[in-house]
Structures are given as structure tokens and as C-alpha cells.
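Note sheet for the following structure.
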Amino acid sequence: MNKKYIAIIVAVVVVIGGICFFKLKTTSLKQALKTVEKYTNYEMVCHMEMLENDELKSYQVTSSYASINEKDYYKVELYDKSLNQSQVIVRNDKGVFVLTPSLNQAFQFQSEWPNNSPKPYIYQSLLSFFKDNKHEKVKDGYIVNGKMSYENDERIQSQEVKFNKDLDPMYVHVYDGDGTEVIKLKVDSFKTNQKLNKNAFSQETIMKESKTQYKSAAASLPLYPVALMGSTLEHEKVATIDDTTNHILKFTGDKSFTIIESSVSSNNPINVVKVEGEMIDLVDGFAYQQDNQMTYVSSGVVCSLYSNDLTKEEMLSVLSSMQAANVK
């Protein structure tokens, strides 16, 4: 056969093969998207590390979701490995609840959580990120990079997420403006077709099942802030009222403030606090503000900060920097 014809045939085969490969790849991704958009439930277990004031916090995160009678139910458990403390955020028919089992305390909010801000452990957030940004096809799946902002955390500027070929999440890396990794999340398992009913998202059921799993946070108190806003610790004292132990820390300086840390006896009945203020949604906890007071709850500890000098952002910075290390 004439070499010219052979070359033409080879070229045609290569072009057709490339077109077929491209269409197959595109069809495969479209099919995967159609499949995941129909998920009615899932459970995702992750290991998450967060950098806070040069301290690396480590959590095991379990996220559950179910669509029941056209309503969305969510449950996220954040287990702090260093403090052996667990905090659960749940959305059900009655609203949004932040549960701290070791404190026998539940905070109830009227909030759009978790849809009001992206979350690295909520699959819907990751799927939206995939759709909104260009993806790179790799051997075992897809990598997506793009700009990102998290509500109440000004550090965060960009994000990278990896999915497998079925669009199951594999990891999430979140960066600040300098390219420093602020959050690193590795997905250990992602399962769909789970048997989840409304009872799995009931705050009463969750508190009952979780109450005895974790020790009281009292042994970890007091915690001390790393972000001091130019102030110094003037004095501290401990006061116990009705089985509630309060650690009171007073800081003075250009911007003075007082922090009260509380732990409640495990024998007390469950206390549900209905919060009228705005829920300040954080990746590893939550806070709310009322006038000159901001209350922060994370890893089984409730900290209230009082100040006439600090802005909302400064209050949040102080409270989110609380550590076991003494700053005296």
C-alpha cells in the first residue's frame, strides 16, 4: 500500500481515537456528576488538622447527611484528640443545635448552617467547589484548585480538593494568602446508601448516646489565650456556684478584657440554651455575641469574653486562640 495512504489512515485513526477518548472521558464525568447529585444520604469520616496561632489542632470529624421527606438533615461530630472532647452540630426539624456532651449543654440557633459558609467536611460544599472551578484530570481522579473564603476566618484565600473517579472526596487543603496550609483534611471513608432516619439527627438521642463517652473538660481548665491584643494577665481566680466551676481571667492593657471559663457537673440535667444572637460559624466550633460579651464553645469548653475595648473580630481572635499553655 502506498505510504501516503498509510500515513493518512494512521492520522485518521489517531484523530478518531482522540475524539472517542475525549467523549468517553467527558461522558464518564457527566455520569458521575449525575450520580452524586442524586445522593440522598452519606457518612464521611475524616482526619482534620488546623493551624491556630502556631498550634496544630487535630480532630476526627464524622459528617452525616440525609434527605428525608424533601428536608435536609446534617450532623457533624468534631472530636478533639488532645482534649478527648467531642462537639456535635446538628440540623433537624427544630433548628440548629450545638451539643457539648461532656457539659450536658445544648445551644439552639435559628441558622442556615451548614449552607451559610463552605465547610471542608460537608460534601455539598466540596461538590459546589468542583463545579465552580476548573479541574485537572489525574490518574486516579480529579484535582480542583480555586479561590476560597470561609466566613469568620479572614486568613483563608484558596483551596485544593482531590476527588476520585467517582467524585468521592479524598482530601482538602486550605491555604492563606502566603500559601501556608491552614487546614488539612484527609478523608478516611465516604459511604452512601446509609440507613439514616430522623432519630439519628435528634439532639436528645445524640446527647444520650454521647454523654458517657467523654470525660469532663474541667481537668483541662483553665485555658489561656495566645492572642492578647497587647494586654497582660492581671489576676485569675476560681469560683464555684451551683456545681458550676468558673475560672475567671482578667487581662489589662490598652484593650482590657475578662474571660470566664465554665465546666458543668456531669450529674446536672441537660441544659438547652436558646440563643437569640447570631451564630458565628467556625470550622472547629462556634461563637455568639450579645452586646459587649462573646461566648465561644469548642472542644467541650465554654468561654465567655467581656470587653468594652475589643471589636468583634478581636474578640473572636482572642477566644479562638485559647490553649492549655499558661501565658503568665
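Computed from heavy atoms alone, side chains included, the values below leave out hydrogens, waters and symmetry copies. Computed from a predicted structure; not experimentally measured.
- Note: T35 OG1 to D166 CG = 8.0 Å, rounded to the nearest 0.5 Å.
- Donor-acceptor pairing under 3.5 Å is lacking for the side chains of N246 and E261.
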Practice item. Walk me through it: do K57 and E49 pass the test salt bridge (Lys or Arg N to Asp or Glu O under 4.0 Å)? Key: CA-CA 6 Å; K57 296 182 179 180; E49 293 181 341; over 6 Å; no
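- No donor-acceptor contact under 3.5 angstrom links the side chains of D281 and S117, judged on distance only.
- Of all the heavy atoms in M322 and L223, the pair that sits closest is CE-O, 3.3 Å.
- When all heavy atoms of S111 and M279 are compared, the closest pair comes out as OG-SD, 3.8 Å.
- Residues P120 and Y150 share a closest heavy-atom pair of CD-OH, 3.5 Å.
- Aromatic ring centroids of Y296 and F286 lie 6.0 Å or more apart.
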Exercise for review: Carefully, step by step, assess E37 and K131 under the rule salt bridge (Lys or Arg N to Asp or Glu O under 4.0 Å).
Suggested key: CA-CA 11 Å; E37 286 171 347; K131 293 177 181 178; 2.6 Å; yes
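- If you take CD on Q159 and CG on L126, they are separated by 6.5 Å, rounding to the nearest 0.5 Å.
- Of the N and O atoms on the side chains of T295 and Q293, at least one donor lies less than 3.5 Å from an acceptor on the other residue.
- Interatomic distance, L167 CG to H135 NE2, rounded to the nearest 0.5 Å: 9.0 Å.
- Aromatic ring centres of F107 and F97 lie farther apart than the 6.0 Å criterion allows.
- Classification of the Y74-W113 ring pair by plane angle, with boundaries at 30° and 60°, yields perpendicular.
- Taking the six-membered ring for Trp and thresholds of 30 and 60 degrees, F190 and Y123 have ring planes inclined between 30 and 60 degrees apart.
- Proximity of the aromatic rings of F163 and Y142 is defined here by a centroid distance below 6.0 angstrom, and this criterion is not met.
- Here CD1 of I259 is found 13.5 Å from NZ of K250. Values are rounded to the nearest 0.5 Å.
- Between the CE atom in M148 and the CG atom in D132 there is a gap of 8.0 Å [rounded to 0.5 Å].
- Side chains of E55 and Q323: a donor-acceptor N/O pair is present below 3.5 angstrom, by distance only.
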Exercise for review: Report the C-alpha distance between I280 and K312 in whole Å, list the side-chain angles of each, state the deciding distance to 0.1 Å, and finish with yes or no for side-chain contact (heavy atoms from CB on, under 4.5 Å).
Suggested key: CA-CA 10 Å; I280 303 172; K312 173 184 175 181; 3.8 Å; yes
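- In the hydrophobic clustering of ILVMFWY residues, with side-chain heavy atoms under 4.5 Å counting as a link, V138 and M170 come out apart.
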Exercise for review: Decide side-chain contact (heavy atoms from CB on, under 4.5 Å) for D140 and N164; before the verdict, give the C-alpha distance in whole Å, the side-chain angles of both, and the deciding distance to 0.1 Å.
Suggested key: CA-CA 6 Å; D140 55 346; N164 68 11; over 6 Å; no
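- Across every non-hydrogen atom of L305 and S307, the tightest pair is CD2-CB, 3.9 Å.
- Looking only at atom types and distance, the side chain of Y42 has a donor-acceptor partner in the side chain of Q124 under 3.5 Å away.
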**Study point:** Full working for side-chain contact (heavy atoms from CB on, under 4.5 Å) between Y175 and Q157
**Key:** CA-CA 6 Å; Y175 303 94; Q157 300 293 322; over 6 Å; no
Check your understanding: Can you list the steps and then say if D93 with K71 is a side-chain contact (heavy atoms from CB on, under 4.5 Å)?
Key -> CA-CA 8 Å; D93 290 330; K71 290 185 178 181; 3.6 Å; yes
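- To the nearest 0.5 Å, the span separating CG on N197 from OG on S202 amounts to 10.0 Å.
- S231 and T252 form no side-chain donor-acceptor contact under 3.5 Å, judged by distance and modelled atom types alone.
- Y59 has its ring centre no less than 6.0 Å from the ring centre of Y79.
- The nearest pair of heavy atoms linking H47 to S58 is CE1-OG, 3.0 Å.
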Exercise for review: Report the C-alpha separation of K195 and E43 in whole Å, then their side-chain angles, then the decisive distance to 0.1 Å, and conclude whether the salt bridge (Lys or Arg N to Asp or Glu O under 4.0 Å) test is met.
Suggested key: CA-CA 10 Å; K195 294 181 179 179; E43 184 175 85; over 6 Å; no
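- Considering every non-hydrogen atom in both T311 and E314, the closest pair reads N-OE1, 3.0 Å.
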